[in-house]
Amino acid sequence: MTTEQTSTPYEARLLREIEDVTARIRSLEDERQALRRLLAEAKARDRIVRSVKRKNSLNRAVVETVIQEALAKSQPLRSAELRKRVSLASNRINDATFRSYLHRMKEKGLIINHNGQRGIWALPR
């Protein structure tokens with residue numbers, strides 16, 4: 001016989017309450033992690049905002065940062081995948097503008113065509 005089989009109703013209720021508290025703690029820890037991620041993203045966005053000299057350059061700076069972060073996490077990436085990630089951060093950008101951002105980033109040396117392949121991007125080494 002295990003201790004759970006011989007436990008009294010009072011002990012069983014206490015065990016259930018402990019399990020409930022443990023589940024709530026897990027949930028709160030998940031919420032804390034989510035808030036920490038949001039805070040880190042807010043700090044990153046704040047750095048972008050402070051670095052931009054012209055108000056109308058803010059969206060470009062955000063898009064460039066998203067592209068560089070995406071490539072830093074997993075490269076190489078196709079233009080379509082980068083476009084999906086950018087659309088999460090800035091849904092007001094059209095395709096032509098997105099392509100021009102890629103072209104300008106390539107001209108600045110911030111990104112390169114992976115193995116010379118068109119439409120596949122990577123960070124320079």
Side-chain angles (χ1 to χ4, degrees):
M1 292 175 110
T2 64
T3 55
E4 291 177 18
Q5 292 173 338
T6 61
S7 67
T8 65
Y10 176 68
E11 290 172 340
R13 185 177 60 109
L14 288 175
L15 286 171
R16 282 193 308 274
E17 287 183 26
I18 290 170
E19 290 173 4
D20 290 345
V21 168
T22 302
R24 288 196 315 255
I25 289 170
R26 238 182 265 124
S27 175
L28 286 171
E29 287 174 347
D30 291 345
E31 186 177 345
R32 179 176 55 189
Q33 283 302 106
L35 289 171
R36 284 183 174 162
R37 279 192 303 275
L38 289 172
L39 179 61
E41 290 173 10
K43 286 181 179 181
R45 301 280 184 229
D46 190 43
R47 281 194 310 272
I48 295 169
V49 169
R50 283 185 299 207
S51 71
V52 172
K53 293 177 178 51
R54 294 175 46 195
K55 187 177 178 180
N56 61 352
S57 298
L58 180 60
N59 196 46
R60 177 196 45 77
V62 168
V63 170
E64 287 181 358
T65 302
V66 168
I67 291 170
Q68 288 176 312
E69 288 173 353
L71 289 173
K73 288 179 185 173
S74 60
Q75 59 177 327
L77 290 173
R78 295 187 172 280
S79 296
E81 178 62 29
L82 287 172
R83 178 76 170 96
K84 272 197 282 187
R85 295 184 189 200
V86 164
S87 68
L88 295 174
S90 175
N91 58 1
R92 299 180 315 194
I93 185 171
N94 67 38
D95 288 335
T97 304
F98 174 72
R99 286 192 306 273
S100 96
Y101 287 163
L102 289 176
H103 176 74
R104 288 178 185 167
M105 289 178 74
K106 180 182 172 189
E107 293 296 313
K108 291 182 203 174
L110 299 174
I111 60 174
I112 59 171
N113 288 108
H114 179 69
N115 293 335
Q117 295 175 340
R118 185 175 167 184
I120 300 177
W121 302 96
L123 293 175
R125 295 177 193 198

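For N94, the side chain to side chain donor-acceptor pair (under 3.5 Å) criterion is met by T97, not counting sequence neighbours. Partners of R78 according to the side chain to side chain donor-acceptor pair (under 3.5 Å) rule, which considers only residues two or more places apart in sequence or in another chain, do not exist here. Under the side-chain contact (heavy atoms from CB on, under 4.5 Å) criterion, D30 pairs with no residue, sequence neighbours left out. The salt bridge (Lys or Arg N to Asp or Glu O under 4.0 Å) check on R83 picks up D95, with sequence neighbours excluded. With sequence neighbours excluded, the residues forming a side-chain contact (heavy atoms from CB on, under 4.5 Å) with I18 are T22, listed by chain and number. Looking at residues two or more places apart in sequence or on another chain, you find no salt bridge (Lys or Arg N to Asp or Glu O under 4.0 Å) involving E19. Partners of R13 according to the salt bridge (Lys or Arg N to Asp or Glu O under 4.0 Å) rule, which considers only residues two or more places apart in sequence or in another chain, are E17. A122 meets the side-chain contact (heavy atoms from CB on, under 4.5 Å) test with Q75, P76, I112, H114; sequence neighbours excluded. For L82, the side-chain contact (heavy atoms from CB on, under 4.5 Å) criterion is met by I67, A70, L71, L77, F98, L102, W121, not counting sequence neighbours. Applying the side chain to side chain donor-acceptor pair (under 3.5 Å) rule to Q33 yields the partners R36; only residues at least two apart in sequence or on another chain are considered. With sequence neighbours left out, K73 forms a salt bridge (Lys or Arg N to Asp or Glu O under 4.0 Å) with no residue at all.
Closest heavy-atom contact between Q117 and I120: OE1-CD1, 3.0 Å. For the pair P124 and G109, the tightest heavy-atom approach, listed with the atom from each and the gap, is CG-O, 3.2 Å.
Residues V62 and L110 share a hydrophobic cluster, clusters being chains of Ile/Leu/Val/Met/Phe/Trp/Tyr side chains in contact below 4.5 Å.
Counting Ile, Leu, Val, Met, Phe, Trp and Tyr side chains that sit under 4.5 Å apart, directly or through other members, Y10 shares a hydrophobic cluster with L14.
Looking at I93 and Y101, their side chains come closer than 4.5 Å, going by heavy atoms from C-beta outward. In this structure, the side chains of M105 and Q68 come closer than 4.5 Å at one or more pairs of heavy atoms.
Among the candidates K108, K106, R104, the single residue satisfying the salt bridge (charged side-chain N to carboxylate O under 4.0 Å, His left out) test with E64 is K108.
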* Could you walk me through whether E29 and R26 pass salt bridge (Lys or Arg N to Asp or Glu O under 4.0 Å), step by step? => CA-CA 5 Å; E29 287 174 347; R26 238 182 265 124; over 6 Å; no
